Engineer: 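Okay, handing you the structure first.
Keep in mind that what you see is a predicted model, and the values were worked out from it rather than measured. Numbers here are sequence positions counted from 1. Order of appearance sets the numbers: ligands from 1, and atoms from 1 within every ligand.
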Amino acid sequence: MSSRFQAPRGTFDILPGEAGARARVYEAAASAFERASYGRIETPIFEDTELFSRGVGESTDVVQKEMFTFIDQGDRSLTLRPEATAAVCRAYIEHGMHRLPQPVKLWSWAPFWRHERPQAGRFRQFHQLNAEAIGTDSPLADAELILLLGDLLGGLGVPGLRLRLSSLGTPSSRAAYREELTAYLRAHEAELAPEVRERLAENPLRAFDSKDPDTRAAMAEAPLMVDRLDADDAEHFAEVRRLLDRSGIDYELDGTLVRGLDYYTRTVFEFESDRLGAQAALGGGGRYDGLVEQLGGPSTPACGWAAGIERILLALDEEADEPGVDVFVAASEDQRERAFALVRELRRAGLRAELDLAERSLKGQMKQADRLGARAAIVLDEQQPAQLRDMTSGEQRELDLARAVEELGP
Ligand code: AMP
């Protein structure tokens, strides 16, 4: 039977065999955030479109090309969230969180939507883990956040990890640098890819992200923001690096790291895995000292990151989950109700207990117990007292049902 329907392009189903690996990533993250006093936040899956166009930046790919935007019945323009930070800052402002002791540390795990060209590791609906520390400009926060993600990825066993780090300065120091970079790009215009040339005036830093070989060759000699930091930004960055050095984490200074969203200031970073091919970024982030104010809140420095769950799972490449059953209760037709009650009792006692819901014969039920990999089976048959069968050895003996839980305990 072939179905006319498929999951929409760029989306996927999470099937039972894949749920366990995902749950392990979630548990590891939740535990790490709890130990570091980050509170869980959930925001709506859609927001006013303007929140993202203002927050993420009009000149970014996300806003120009990738948002799932729709007009609702009340003629409002709404957008399925393409990223977390703008929405979390909106919530911070809306709930007056600036009146709480600062920083406010928040984390989330949620789906996001971007209309990108799907490929391995790139989807139109994907999931991210996010962390934000809002209300401090201390380099301690930058370092804490970077190490939280590094320790999480390392602890999960993500292979081939690499951390790249840079600083983008502040809007004032960046303005002079943008002019210098724009002049450099104009001087090399003939070597640049058309899409870089088109955005030269609007977003010159994105030239560093180009995959075009001629553009990359031209950018090899380009001036870097990290060499143009003013004294305060340079000291801030030096302190972030001292903290990371003392922690023992490996990282690479990479002045070509610019990141795709407009709101970053000062520290930016990205974790990659060499097992991921073209879409190597596992997660990244940085400081966004101007964003809360830009969205109508008080002037509030902040820092955060986002990591892609599907990319982490791809890099981990875990085996599919094996379903587990401690005991299968098989019953002849007239013993079904007894089996049903017994299974409920066993489950309440903490055992993974299963019975046949498809009205198979006793023989068929034993086959089913085998297929499920049950450790043991209880056989209820009016012809004989209850039996306990060890499914590995095939040994079978009489069982006092009142003692079933004890006998089957781990
Ligand atoms: P960004 O918000 O663009 O910095 O993305 C943060 C992380 O989310 C990336 O490093 C990826 O791991 C993941 N990510 C971003 N876009 C996608 C996508 N379209 N599909 C899957 N994962 C994504």
Side-chain angles (χ1 to χ4, degrees), residues 7-14 18 22 25-26 29 43 45 47 51-52 55-57 59-68 79-89 107-132 145-146 148-150 152-153 156 158-166 168 203 205-206 208-209 254 257-265 267-288 291 302-317:
R9 186 165 149 75
T11 70
F12 52 87
D13 301 307
I14 302 165
E18 297 144 17
R22 214 166 256 272
V25 174
Y26 180 88
T43 63
I45 69 163
E47 299 269 356
L51 174 70
F52 300 118
V56 178
S59 71
T60 60
D61 280 353
V62 168
V63 170
Q64 284 189 351
K65 298 191 263 189
E66 297 171 1
M67 297 206 297
F68 280 93
T79 293
L80 294 182
R81 63 174 171 224
E83 63 103 51
T85 305
V88 171
C89 288
W107 76 281
S108 64
W109 166 291
F112 294 87
W113 294 266
R114 291 183 193 174
H115 198 280
E116 297 198 77
R117 200 165 47 75
Q119 55 175 269
R122 193 158 81 189
F123 307 97
R124 290 184 175 171
Q125 172 171 316
F126 57 99
H127 297 77
Q128 279 184 351
L129 193 59
N130 290 272
E132 324 282 352
L145 280 157
I146 293 170
L148 258 172
L149 182 53
L152 178 65
L153 296 172
L156 285 166
V158 174
L161 263 189
R162 212 161 72 105
L163 167 60
R164 295 189 296 143
L165 183 71
S166 191
L168 293 178
N203 199 343
L205 270 78
R206 293 310 303 277
F208 288 108
D209 283 343
D254 182 351
L257 178 64
V258 293
R259 309 233 351 112
L261 317 177
D262 274 357
Y263 50 61
Y264 289 110
T265 53
T267 315
V268 284
F269 64 93
E270 199 153 273
F271 283 92
E272 296 177 349
S273 166
D274 61 16
R275 309 300 151 93
L276 283 179
Q279 302 300 316
L282 287 163
R287 192 157 265 294
Y288 49 92
L291 183 58
C303 193
W305 53 251
I309 304 304
E310 286 75 25
R311 300 264 176 95
I312 295 174
L313 292 169
L314 268 174
L316 287 173
D317 191 22

Engineer: Considering the heavy atoms of Ala306, write down every atom of ligand 1 situated less than 4.0 Å from one of them.
Structural biologist: 6 (C), 7 (C)
Engineer: Measuring from the heavy atoms of Glu116, does anything fall under 4.0 Å of ligand 1?
Structural biologist: yes
Engineer: Do me a favour and list the nearest non-hydrogen protein atom to atom 11 (C) of ligand 1 with residue, atom name and distance?
Structural biologist: Arg311 NH1, 3.2 Å
Engineer: Quick one: look up the protein heavy atom nearest atom 14 (N) of ligand 1 and list residue, atom name and how far away it is.
Structural biologist: Phe126 CE1, 3.7 Å
Engineer: Tell me, do Leu129 and Leu152 make a side-chain contact under 4.5 Å, heavy atoms counted?
Structural biologist: yes
Engineer: For ligand 1, which atoms sit closer than 4.0 Å to a heavy atom of Gly121?
Structural biologist: 20 (N), 21 (C), 22 (N)
Engineer: State if Arg259 counts as touching ligand 1 under the rule of any non-hydrogen atom under 4.0 Å.
Structural biologist: yes
Engineer: I need the atoms of ligand 1 closer than 4.0 Å to a non-hydrogen atom of Phe123, numbered in the order shown.
Structural biologist: 18 (C), 19 (N), 20 (N), 21 (C)
Engineer: Do Ile312 and Leu156 touch side chain to side chain, with heavy atoms closer than 4.5 Å?
Structural biologist: yes
Engineer: Pair His127, Phe112 - check ring-ring contact (aromatic ring centres under 6.0 Å, His included), show working.
Structural biologist: CA-CA 6 Å; His127 297 77; Phe112 294 87; 8.4 Å; no
Engineer: Examine Gly284 against ligand 1 and note whether any of their N/O atoms are separated by less than 3.5 Å.
Structural biologist: no
Engineer: Taking heavy atoms and a distance under 4.0 Å, where does Val62 meet ligand 1: side chain, backbone, both or neither?
Structural biologist: neither
Engineer: Salt bridge check: are Arg164 and Glu272 linked by an N-O gap of less than 4.0 Å?
Structural biologist: yes
Engineer: Report, in ascending order of atom number, the atoms of ligand 1 lying under 4.0 Å from any heavy atom of Gly308.
Structural biologist: 7 (C), 8 (O), 12 (O), 13 (C)
Engineer: Salt bridge between Glu310 and Arg22, side-chain N to carboxylate O under 4.0 Å?
Structural biologist: yes
Engineer: Can you list the steps and then say if Thr85 with Tyr263 is a side-chain hydrogen bond (donor to acceptor under 3.5 Å, both in side chains)?
Structural biologist: CA-CA 10 Å; Thr85 305; Tyr263 50 61; 3.3 Å; yes
Engineer: Considering only heavy atoms of Gly283, which atoms of ligand 1 have at least one such atom less than 4.0 Å away?
Structural biologist: 10 (O)
Engineer: Measuring from atom CD of Glu83 to atom CD of Gln128, what distance do you get when rounded to the nearest 0.5 angstrom?
Structural biologist: 8.0 Å
Engineer: Quick one: does Gln128 get a heavy atom under 4.0 Å from ligand 1?
Structural biologist: yes
Engineer: Once you round to the nearest 0.5 Å, how far does CZ of Phe269 lie from CG of Leu163?
Structural biologist: 7.5 Å
Engineer: Look at atom 3 (O) of ligand 1 and say which protein heavy atom is nearest, naming residue and atom and giving the distance to 0.1 Å.
Structural biologist: Arg114 NH1, 2.9 Å
Engineer: With rounding to the nearest 0.5 Å, note down the distance linking OH in Tyr264 to CZ in Arg287.
Structural biologist: 12.0 Å
